[in-house]
Amino acid sequence: MPTYLVTGGAGFIGGNFVRHLLETTEVRVVNLDLLTYAGNLDTLAEVMAHPRHTFVQGDIADAPLIDRLLEEHGVDAIVNFAAESHVDRSIEGPARFIETNIAGTFNLLERARAHWVRRGRAESFRFLQVSTDEVYGSLGPTGHFTESTPYAPNSPYSASKAASDHLVRAWYHTYGLPVLTTNCSNNYGPYQFPEKLIPLMILKAQAGEPLPIYGDGANIRDWLYVIDHCRAIERVLEAGAPGEVYNVGGDSERTNLQVVDTLCGLLDARLPDSPQRPHARLKTFVSDRPGHDRRYAIDASKLKRTLGWEPLETFESGLGRTLDWYLEHPEWCRRVTDGSYRGERLGVVHAA
């Protein structure tokens, strides 16, 4: 029964990954999260007492803590979700992104290397870096990001993730640490913090508030349902080749405006008595943000070809499941939006 150290496991993707492992595998999970604004123990409420789940509040930059967790639990793999991840916040205050995404990853790599050496350079050990398609920069109207696309980050967030990805690569080529990297497209699904596009639009539409859309709404993203992403990470851990990079995408390119329009239509159908219908009337175009990449699109053919992974959800089916989850969990939404999940008010909700 392997043991994984999952960092950032109280966040959106990390929390879904922890729940996925506990629900579908026999893996033991040591879940490390600093519980910044995006870390939410409400997301883990149903699994906090699970016999294969150990939660620890702490920082990936805390070397003694990482050493202790790796040794005490005999960790077989590290899955690094821990990151500052919102572009708007990186523009407003980039320092935290440098500290967590670069310095934190460096510390984690060094502690992982020491642990791996102590274990006799075990061939089964893995360090998986969860990254993003934003490191590749912006695409033109055609083409897709592949694993060999040069990095060209355009925001403090994507630059910090690019730097951490380069560190991961270097620790493989220099020290032989068995690393893996996944670069995913835009995730959506249950438990996502409502500064991101889809949950933000759901909650604002329900409240009858303006739906803020950057620029002309024509920025394009490839959308990936979070559980499909979790399945991909699990598969890469199982069978990915050390040192390799695997792109993970949902084959679902949509403009931001298309996403909002589709969501408004689903809300109209699910809430026929809502005084906000038609929800599309709430759309409001706002000034574009600096360095806003025009288009991302992922080529996930390597992952599909070599490891046999395929997304199970279409964008429409995944969006319907996501909307239903938010409508069925008003208390989770309330505690996130009013800040009571961490004992304070958030003070600001960003456009996406």
Side-chain angles (χ1 to χ4, degrees), residues 12 36-38 83-98 100-101 132-142 145 151-162 185-188 192-224 252-268 276 278-298 315 319 322-323 326 333 336-339 345-352:
F12 164 48
T36 62
Y37 79 95
E84 296 286 342
S85 65
H86 192 56
V87 174
D88 283 356
R89 291 179 184 267
S90 79
I91 294 169
E92 295 164 3
R96 185 63 185 166
F97 287 72
I98 305 304
T100 299
N101 298 357
T132 171
D133 56 3
E134 296 193 38
V135 298
Y136 297 125
S138 186
L139 280 170
T142 61
F145 296 133
Y151 276 24
N154 291 321
S155 72
Y157 160 60
S158 56
S160 67
K161 288 296 289 184
S185 57
N186 275 37
N187 277 222
Y188 67 99
Q192 189 170 28
F193 196 79
E195 64 187 358
K196 303 292 187 175
L197 178 62
I198 289 173
L200 179 66
M201 296 300 155
I202 292 172
L203 298 186
K204 283 187 172 293
Q206 284 184 274
E209 298 176 5
L211 307 181
I213 302 169
Y214 279 133
D216 59 4
N219 299 76
I220 296 173
R221 300 293 181 263
D222 174 24
W223 292 92
L224 174 66
S252 298
E253 287 186 58
R254 301 289 190 281
T255 66
N256 287 346
L257 188 56
Q258 287 174 320
V259 171
V260 175
D261 282 339
T262 302
L263 193 53
C264 287
L266 290 173
L267 280 163
D268 288 348
Q276 317 306 338
H279 292 84
R281 67 180 176 82
L282 300 172
K283 291 186 299 184
T284 304
F285 293 90
V286 299
S287 298
D288 210 350
R289 70 183 177 204
H292 196 182
D293 293 328
R294 192 64 169 175
R295 175 175 174 260
Y296 304 147
I298 280 283
F315 179 70
L319 190 62
T322 300
L323 174 58
Y326 279 94
C333 297
V336 169
T337 52
D338 70 13
R345 288 194 165 272
L346 299 178
V348 61
V349 175
H350 295 280

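Quick caveat, the model's predicted, so the values are computed rather than measured.
- Among residues two or more places apart in sequence or in another chain, the side chain to side chain donor-acceptor pair (under 3.5 Å) test is passed with N187 by H229.
- For Y157, there are no ring pair (Phe, Tyr, Trp, His ring centres under 6.0 Å) partners two or more places apart in sequence or in a different chain.
- In terms of the side chain to side chain contact (heavy atoms under 4.5 Å, CB included) criterion, residue partners of L203 (sequence neighbours excluded) are, by chain and number, P194, Q206, C333, T337.
- A distance-only check finds a donor-acceptor pair linking the side chain of D222 to the backbone of S252 [under 3.5 Å].
- Scored by the side chain to side chain donor-acceptor pair (under 3.5 Å) test, D293 finds N154, Y296 as partners (sequence neighbours excluded).
- When all heavy atoms of T255 and A218 are compared, the closest pair comes out as CG2-O, 3.9 Å.
- Take S155 and apply the side chain to side chain donor-acceptor pair (under 3.5 Å) test, not counting sequence neighbours, and it matches S158.
- Every ring pair (Phe, Tyr, Trp, His ring centres under 6.0 Å) that Y136 has, sequence neighbours left out, goes to F145, Y151.
- P278 is linked by a side chain to side chain contact (heavy atoms under 4.5 Å, CB included) to D268, R281, counting only residues two or more places apart in sequence or in another chain.
- Legend: residues meeting salt bridge (charged side-chain N to carboxylate O under 4.0 Å, His left out) with D261, ordered by chain and number and at least two apart, are K283.
- Ring geometry for Y37 against F193 counts as perpendicular: the plane angle is over 60°, on a 0 to 90° scale with 30° as the lower cut.
- The shortest distance between side-chain heavy atoms of V336 and P199 does not fall below 4.5 Å.
- The CD atom of E253 sits 4.0 Å away from the CZ atom of R295 when rounded to the nearest 0.5 Å.
- A search for side chain to side chain donor-acceptor pair (under 3.5 Å) contacts involving S160 returns N101, not counting sequence neighbours.
- Of all heavy-atom pairs spanning P212 and L200, the tightest one is CG-CD2, 4.3 Å.
- Side-chain contact between H292 and N219: present, with at least one pair of heavy atoms (C-beta onward) separated by less than 4.5 Å.
- Of all heavy-atom pairs between F12 and Y188, the closest is CZ-C, 3.6 Å.
- Taking each heavy atom of P153 and A162 in turn, the nearest pair found is CG-CB, 4.0 Å.
- Checked by atom type and distance alone, the side chain of R89 never pairs as donor or acceptor with a backbone atom of F97 at under 3.5 Å.
- Atom CD1 of I202 is separated from atom CD of Q192 by 9.0 Å, given to the nearest 0.5 angstrom.
- Contact record, K161 with A83: NZ-CB, 4.0 Å, taken as the closest heavy-atom pair.
- Here CH2 of W223 is found 10.0 Å from OG1 of T322. Values are rounded to the nearest 0.5 Å.
- Separation of atoms CG (L267) and OG1 (T262) is listed at 11.0 Å; rounding is to 0.5 Å.
- Residue pairs meeting the salt bridge (Lys or Arg N to Asp or Glu O under 4.0 Å) criterion with at least one member in residues 208-219, sequence neighbours excluded: K204-E209, D216-R294.
- In this structure, CZ in R96 is found 7.0 Å from OG1 in T36, a value given to the nearest 0.5 Å.
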Self-check item: Trace of the side-chain contact (heavy atoms from CB on, under 4.5 Å) decision for L323 with I198
Solution: CA-CA 9 Å; L323 174 58; I198 289 173; over 6 Å; no
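- The salt bridge (charged side-chain N to carboxylate O under 4.0 Å, His left out) test applied to E134 returns no partner, not counting sequence neighbours.
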